[in-house]
Colleague: 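Once you've had a glance at the structure underneath, I'll fire off some questions.
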Amino acid sequence: MTSARRCRPGQEARLYLAAHPVAYPLMRLLARCGPVVRVPGLGVVVNDAATARAVLLDERFRKDGPGSPGDLWTPVLGPSVLLNMEGEAHAALRRRLAPLFAPATVGALVSQVLAAPLADLSARLGRGETVDLADEMRLMAGAVICRVIGMGEVSATEARALFAEGERVVSMVSLRSRRLSEPQIAAAREVLDRVGDIAAAAYARGDETTVMGRMRSLGLSEAEARGAAGAFFLTGTETVATFVPRLVALLHDAGLHPDGPQELDRAIEEAMRITTPTPVMLRSVATPARVGRVPVRPGDRVLIVTHNCARAYGPFDPHRPHPPELRHLWFGAGPHFCVGYPLALAEIRAVAAAVLAHPVRVTARRPARRVLIPAYRHLWITAARPATTSVPTRPAA
């Protein structure tokens, strides 16, 4: 991995402050309070990766109790959408969904959907044009999720519109949210009912070349397919769309350029640590237990501040190996590890490889404000070579 300069500090912090001007400083302040701390009115806060993983693997901490993700999403999506399920019902639904997200399956889907947009993006960079990568990612993430929920071929306008709808729903949630208000629930249902109708129509057609058609062939009910489409719509757009521009910006600011697939994968994994796609995870305590040294009781809310857990390991450095307790923590652990992770990774690899096939640099950037996942509203890049001199690759640790 070639290197030209040290990472410019503060760009990621600026994104977080633009997204969460009050909650982010509080979140970082809590990181100084120790591995686990009880905060009145907030819950039991976890800032340590090993403790966070232990909570995620312990069935006493649930996603369907008071203060959990179920409080947020069950009123919108219904009771059976992985985001708010536990036990055997959750495990059974995961087993039926898993074949849809096998690496070969999602790789083929991404290749098909993104072939034309990536060819166009690469051609524009090759001509020396300045490209807004954040806008391009909204287009591509929207196109992939359109295909997943059953829309088939869509125009750029349709893909961007669908992405904007998802962004609008997700932005109703803040790092401090416990529940959505009645007006928010109504607005979210309006969007997700349309997504569900699209998914139901694709399910009814039963075309096994589509995700919804394969759900039918795997024995999922129409209601489960609708719910899954809504969950994928909420979780499967912004994660990818926000991450790739941040990855490219981190590499630019550090003066790094991955050489080959292995170095790209290391850069992606390290950028995931820095950006932490899920900055906070919620769990509800079902039975008396301890989180670290802090005793908890039924009904307590546990906030795993994934961002603090990850950032404790230092600044961006793709040469740094991740310890076992940290690995993929931002996608969960155990029975709730993100079922859509292979799809997200396939999208990220495809776009990042196409962009970084060129000697890109960032020419300007603008943060998005008041969004759940910190992001660039605009990140303009060009393939014109910067006036710097590369130094030899530093060997991996």
Side-chain angles (χ1 to χ4, degrees), residues 23 26-27 30-31 33-98 173-180 185 224 227-228 231 234-235 276 278-310 312 323-341:
L26 173 62
M27 185 168 75
L30 290 172
C33 296
V36 183
V37 58
R38 183 182 287 277
V39 181
L42 193 61
V44 176
V45 176
V46 177
N47 298 307
D48 170 71
T51 306
R53 187 170 293 275
V55 169
L56 294 174
L57 293 174
D58 191 327
E59 63 184 12
R60 295 173 295 179
F61 303 101
R62 300 173 65 91
K63 298 186 76 171
D64 61 353
S68 73
D71 270 358
L72 280 170
W73 297 118
T74 298
V76 176
L77 291 168
S80 303
V81 289
L82 290 184
L83 297 177
N84 53 6
M85 296 175 69
E86 290 289 351
E88 180 52 36
H90 171 264
L93 182 55
R94 275 190 69 98
R95 284 194 296 269
R96 285 186 286 173
L97 289 172
V173 180
S174 76
L175 294 181
R176 297 170 293 166
S177 295
R178 284 180 178 267
R179 293 178 180 87
L180 298 178
I185 290 171
E224 288 173 325
L234 288 178
T235 61
T276 44
T278 309
V280 173
M281 298 180 188
L282 303 176
R283 291 294 186 270
S284 179
V285 179
T287 60
R290 300 184 75 87
V291 178
R293 297 182 178 180
V294 177
V296 294
R297 56 189 179 274
D300 279 349
R301 184 168 80 147
V302 179
L303 288 85
I304 298 171
V305 186
T306 326
H307 182 73
N308 289 346
C309 297
E325 67 271 16
L326 186 64
R327 185 165 175 78
H328 302 318
L329 185 65
W330 33 90
F331 283 107
H336 287 290
F337 186 80
C338 178
V339 71
Y341 169 73

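For the numbers below, each heavy atom of this structure counts, side chains included, while hydrogens, waters and symmetry mates do not.
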Colleague: Could you tell me which non-hydrogen atom of Ala52 sits nearest to which non-hydrogen atom of Cys309, and how far apart they are?
Modeller: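 Taking Ala52 first and Cys309 second, the nearest heavy atoms are CB-SG, 4.0 Å.
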
Colleague: Who passes salt bridge (Lys or Arg N to Asp or Glu O under 4.0 Å) against Arg60, sequence neighbours left out?
Modeller: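 If we apply the salt bridge (Lys or Arg N to Asp or Glu O under 4.0 Å) test to Arg60, skipping adjacent residues, the hits are Asp58.
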
Colleague: Can you name the ring pair (Phe, Tyr, Trp, His ring centres under 6.0 Å) partners of Tyr341, sequence neighbours left out?
Modeller: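 With sequence neighbours excluded, Tyr341 shows a ring pair (Phe, Tyr, Trp, His ring centres under 6.0 Å) to His328, Phe331, Phe337, given in chain and number order.
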
Colleague: Kindly write out the residues that satisfy side chain to side chain donor-acceptor pair (under 3.5 Å) with Arg95, not counting sequence neighbours, or none if the list is empty.
Modeller: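 Once residues adjacent in sequence are excluded, the partners of Arg95 under the side chain to side chain donor-acceptor pair (under 3.5 Å) criterion are Glu88.
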
Colleague: Which residue pairs pass the side-chain hydrogen bond (donor to acceptor under 3.5 Å, both in side chains) test with at least one member in residues 278-295, sequence neighbours excluded?
Modeller: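 Of all non-adjacent pairs touching residues 278-295, none passes side-chain hydrogen bond (donor to acceptor under 3.5 Å, both in side chains).
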
Colleague: Holding to side chain to side chain donor-acceptor pair (under 3.5 Å), I want the full list of residues that pass it with Asn308, two or more places apart in sequence or in another chain.
Modeller: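 Result, side chain to side chain donor-acceptor pair (under 3.5 Å) vs Asn308: Arg28, Asn47.
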
Colleague: I want to check something: taking the side chain as every heavy atom from C-beta on, are Leu303 and Leu282 in contact at a cut-off of under 4.5 Å?
Modeller: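 Yes. Closest side-chain heavy atoms under 4.5 Å.
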
Colleague: Would you mind reporting whether Met281 and His336 have side-chain heavy atoms less than 4.5 Å apart?
Modeller: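 No; the side chains remain at least 4.5 Å from each other.
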
Colleague: Just to verify, what does Arg327 make a side chain to side chain donor-acceptor pair (under 3.5 Å) with, not counting sequence neighbours?
Modeller: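 In terms of side chain to side chain donor-acceptor pair (under 3.5 Å), with neighbours along the sequence ignored, Arg327 is linked to no residue.
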
Colleague: Could I get the full list of side chain to side chain contact (heavy atoms under 4.5 Å, CB included) partners for Ile185, not counting sequence neighbours?
Modeller: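 Here the qualifying residues are Pro75, Val76, Leu180, Glu182, Arg189.
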
Colleague: Which pairs pass salt bridge (charged side-chain N to carboxylate O under 4.0 Å, His left out) with one or both residues in residues 38-49, sequence neighbours excluded?
Modeller: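 Residue pairs with at least one partner in residues 38-49: Arg38-Asp300.
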
Colleague: How would you list, by chain and number, every residue that makes a side chain to side chain contact (heavy atoms under 4.5 Å, CB included) with Ala54, sequence neighbours excluded?
Modeller: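 Scan of Ala54 (side chain to side chain contact (heavy atoms under 4.5 Å, CB included), adjacent residues dropped) gives none.
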
Colleague: With sequence neighbours left out, write down each residue that passes side chain to side chain donor-acceptor pair (under 3.5 Å) with Glu59, or none if nothing qualifies.
Modeller: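 Result, side chain to side chain donor-acceptor pair (under 3.5 Å) vs Glu59: none returned.
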
Colleague: Of all residues at least two apart in sequence or in a different chain, which pass the side chain to side chain contact (heavy atoms under 4.5 Å, CB included) check with Ala310?
Modeller: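 With sequence neighbours excluded, Ala310 shows a side chain to side chain contact (heavy atoms under 4.5 Å, CB included) to Arg273, Thr276, Leu326, Trp330, given in chain and number order.
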
